[in-house]
Amino acid sequence: MKTLILKRTKKFFIIPTSPFNFDGTFHKPSHFPNKLKLDDWKPKEYCQTFRVDRDLFAIVIKDKGTLLRPKLEITIYSRANLNAQYLEKIKQEIIYRFGLNFNLSEFNRLIKSDKRFYPIFKKWIGMRSSSQYTLYELLIIAIVLQNTTVRRSQQMLDSLLASFGTKVSFDNKTLWTIWLPKELENVSEEELRALKVGYRAKFIKKLSENFVDGKVDEFKLRDFDKENTKEELMKLYGVGPETARILLFETYHFYDVFDHIAPWQQKIYSRLFYGKKLVSANKIYNDIKSQYGKYSMLAVHYIWEDIFWKRTTKNIPWLEKEIRL
DNA sequence: CATCAGGGCCCTG
DNA sequence: CAGGGCCCTGAT
């Protein structure tokens, strides 16, 4: 097992667009927690391992501002000394991944006319859709989520990390990071299957090859429109419409990717939006689209994360049943 | 004990 | 473009 110790530090500040919600942006309680943690969070402070190209860092982000005058203090932990140019690159990467420069004013006006859910929106005003990960990293997570229960997804990611991940120590903390695509080059499908990832072994193997071969350019896609980005993502082995949708929302910050509702999502939406056990997917789709339009997925995200936040302090029986840990 | 479906996708006909 | 099959696991 590889352990990386990061001792050198550099500090800088980022001013996100206002208003900004620190905890809602840097912590998404709906995401599954595995044992070998990739990040850590407490109110006003967030840290994670952080890949930029082939380099590996750790970052600590602290909330040093307010909702309306936001300010983030970033500390980068690295092995080598970082020059100003490289620091700027890391800074821009943080800004992109967490959507720190997005203008949400139109969305913030829209939610005011929603009498029923405005109290919830108001709690999270300034929250962004974000992905702490590189494209490849989020794809790996999306693949272990496919066609299984959350408990098994956790197990799969943990055993993959234990075999191929890197342990990173910094600032009296230890977190893990996902391997690079190239590091699976000499790993066979059988070895992956031995980690009980099932038929996903082939997906992980071929997907990693796709990245090594340069079949996709994470950064080029940032300039593509939604349809083209989706098309490019779906060229990757193991990526279908649902996985593409997750990436379009979290990695590429498209706010309206509410085009498909899976049965398990349908059950949770039914409770959230109608207080009923089951409402037809078509009705949910039409209602959400007509109310929130080009911010449909973002609006759903606010309501969705809110119930998972509530779940951290109180038991919600129907939700426990639906997420099937 | 057996059967089944799950936070989809690939492949076939 | 509809439908079967897929690795494993926990629920029934």
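All heavy atoms count here, side chains included; hydrogens, waters and symmetry mates do not. A note on names: the letters A, B, ... follow the listed sequences, proteins ahead of strands, and every chain is numbered from 1.
Using a 4.0 Å heavy-atom cutoff across all strands shown, A:Tyr237 reaches sugar-phosphate atoms only and no base atom. Among the atoms of the strands shown, base atoms are found under 4.0 Å from some heavy atom of A:Arg200. Across all strands shown, A:Pro263 has no heavy atoms under 4.0 Å from either base or sugar-phosphate atoms. Residue-level contact check: A:Thr243 touches the backbone only, with heavy atoms under 4.0 Å from sugar-phosphate atoms and none from bases.
Using modelled atom types and a 3.5 Å distance limit, the side chains of A:Glu218 and A:Tyr136 yield no donor-acceptor pair.
Two residues, A:Gly238 and A:Ile246, neighbour DNA chain B, and the one matched to the more 5' nucleotide by heavy-atom proximity is A:Ile246. The 5' end of DNA chain C is approached more closely, in terms of each residue's nearest nucleotide, by A:Asn147 than by the other of A:Gln155 and A:Asn147. Of the residues near DNA chain B, A:Arg152 and A:Gly240, the one whose nearest nucleotide (by heavy atom distance) lies more toward the 5' end is A:Arg152.
The nucleotide whose nearest atom lies closest to any side-chain atom of A:Trp264 is, among B:dC9, B:dG7, B:dG6, B:dG7. Listed nucleotides: B:dG8, C:dT9, B:dG7. Nearest to the side chain of A:Lys196: C:dT9.
More than 12 heavy atoms of other residues, nucleotides or ligands shown are found within 6.0 angstrom of NZ on A:Lys91.
Taking the P atoms as reference points, B:dC11 lies 12 Å from C:dC7, given to the whole Å. Comparing B:dT3 with C:dG5, their P atoms are spaced 15 Å from each other, to the whole Å. Taking atom P on both B:dG7 and C:dT12, the two are 13 Å apart, rounded to the nearest angstrom.
Look at CG on A:Leu233: it is 15 Å from C1' on B:dG8, rounded to the nearest Å. The distance from atom OH of A:Tyr199 to atom P of B:dC9 is 9 Å, rounded to the nearest whole Å. Taking atom CD of A:Glu322 as the reference point, atom P of B:dG6 lies 11 Å away to the nearest angstrom. Following rounding to the nearest Å, A:Phe203 (CZ) and C:dC7 (P) show an atom-to-atom distance of 9 Å. Spacing between atom NZ of A:Lys235 and atom P of B:dC9 amounts to 17 Å, rounded to whole angstrom units. The separation between A:Ile143 atom CD1 and B:dG6 atom P is 20 Å, rounded to whole Å. Distance A:Met156 CE to C:dT9 P: 9 Å, rounded to the nearest Å. We find that CD of A:Glu242 is positioned 14 Å from C1' of B:dG6, with the value rounded to whole Å.
In plain terms, the two heavy atoms of A:Lys289 and A:Phe258 that are nearest each other are CE-O, 3.7 Å.
Under 4.0 angstrom from either OP1 or OP2 of B:dA5 there lies no side-chain N or O belonging to A:Thr149. Listed pair A:Lys202 / B:dC10 fails the phosphate criterion, with no side-chain N or O lying under 4.0 Å from OP1 or OP2.
A distance of 6.0 Å or more separates the ring centres of A:Tyr302 and A:Phe117.
Rounded to the nearest 0.5 Å, atoms NE2 (A:His253) and CE (A:Met297) are 14.0 Å apart.
Checking A:Trp41, A:Phe22, A:Tyr46 one by one against A:His27, the ring pair (Phe, Tyr, Trp, His ring centres under 6.0 Å) holds for a single residue, A:Trp41.
Nucleotide B:dC10 is matched to C:dG4 when pairs are restricted to Watson-Crick or G-U wobble geometry with both distances under 3.5 angstrom.
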